[in-house]
Amino acid sequence: MAAPSLALQSLTLSHFRSHKRTVLETDGRPVAIYGANGAGKTNILEAISMLSPGRGLRGAKVDELVRSQEAVGWKVSGVLQSLSQVHEVETSFDGTGSRKVLIDEKTASQAALGRIGRVVWLVPVMDRLWVEGADGRRRFLDRMAMSFHPSHAEASLTYEKAMRERNRMLKDGVRDPSWYSAVEAQMAKAGAVIHKNRLEALEMLAAAQEQADTAFPAAECALVHAEGIEMPASDEDLAMAFADSRPRDLMAGRTLVGPHRADLEAVYSAKGVAARKCSTGEQKALLVSLILANGRALAAEFGAPPIYLLDEVAAHLDADRRAALYDEICALGAQAWMTGTGPELFEDLGDRAMRLDVTEHAGVSSVAVV
Ligand SMILES: Nc1ncnc2c1ncn2[C@@H]1O[C@H](COP(=O)(O)OP(=O)(O)O)[C@@H](O)[C@H]1O
Ligand SMILES: [Mg+2]
């Protein structure tokens, strides 16, 4: 198998949660990580997720990631193969402020990480994605949208910052329309970009699912607005919706319309059943189906599938689906980092994956290449 064109060739964790110093070299194959509960497996995946924009796969605050025993900040670094280029990437937190990013030893933005690398994950809390609140579904969709359009991260940040400002005015009971127009214009502009990126992502996912020969069930997805109203899509529609919504928003003390109220609906196509009504295993299979479609579409668009972080991925997948997942990851040529409690979960991978055994002693994780 040729080495994937988007992959971490090496990874170093320093003072990152349970990892005091962990240094890993990869060989291009997917990485199967096993060990007991609490050994430090998910922490490795979380460290990799910090090499992409945002708060990583646990949504943690930067200071939570500091190894509590030393409390001296943390650092994650690696060598990233990105298409035909190789970059040194590093992100760290020194105890104050926000996390810093270095690409090839130069200070860079988090968004810049998103342009050279694409990281997509599935974690156990997402097992309840289809039955819980819209937040998780939006984040899941936004992660995929960001993999296609790295600028999605910037649009989201701009939108959220402007919305915080507007919400402050609403809470303070500001009524003068002239105070709102600038901030609403900003929200409308960024919001339209967010909406467009999400729709494009859904289109690409739909096409990638349609063309695929896969063991995973296709999910038919739609973007809807939380309140059952039509999703305001363009700059103008959004600006108008914000202005119209002001009286209601003043009562609520927050913004009730816009892309932050969008929800992702999915239907198990072949059965015509809403994802939230499917069995736990089916719900998981739909998520896997979407991220694999994401990978195929990205391979065509960007030139490589994303780096996958699949935490406890074998849970809820029966043996056939698990084997199918491994086959599809290998066929895609994606660097997937997968965790599970024991090596038996990865047996079907044979020598198609490298294996890491993670153990914990006295609060320190160690990793052995098996
Ligand atoms: N900030 C931290 N400092 C030190 N240890 C931490 C920190 N955060 C979590 N841990 C430890 O990491 C371990 C959990 O690691 P995790 O990777 O989630 O385990 P698993 O192997 O089950 O996925 C726990 O033992 C926890 O106490
Ligand atoms: Mg875990």
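Atoms within a ligand are numbered from 1 in the order they appear, just like the ligands themselves.
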Non-hydrogen atom of R58 closer than 4.0 Å to ligand 1: yes
G363 near ligand 1 by a heavy-atom separation under 4.0 Å: no
Contact check: T42 to the Mg ion (ligand 2), N/O/S below 2.8 Å: yes
Nearest 0.5 angstrom please: H19 NE2 to R17 CZ, how far? 10.5 Å
Quick one: look up the protein heavy atom nearest atom 13 (C) of ligand 1 and list residue, atom name and how far away it is. G38 O, 3.6 Å
So, D263 versus H225: side-chain donor-acceptor pair below 3.5 Å or not? no
Does ligand 1 have any atom that is closer than 4.0 Å to a heavy atom of G35? no
Could a heavy atom of Q69 be found less than 4.0 Å from some atom of ligand 1? yes
Does a salt bridge link K41 with D311, judged by any charged N lying under 4.0 Å from a carboxylate O? no
Test: R118 cationic atom under 6.0 Å from F302 six-membered ring centre, within 45° of axis: yes
R67 N/O to ligand 1 N/O under 3.5 Å: no
Closer than 4.0 angstrom, basic N to acidic O: yes or no for E184 and R246? yes
Approximate separation, where rounding is to 0.5 Å, of S49 OG and W337 CH2: 12.0 Å
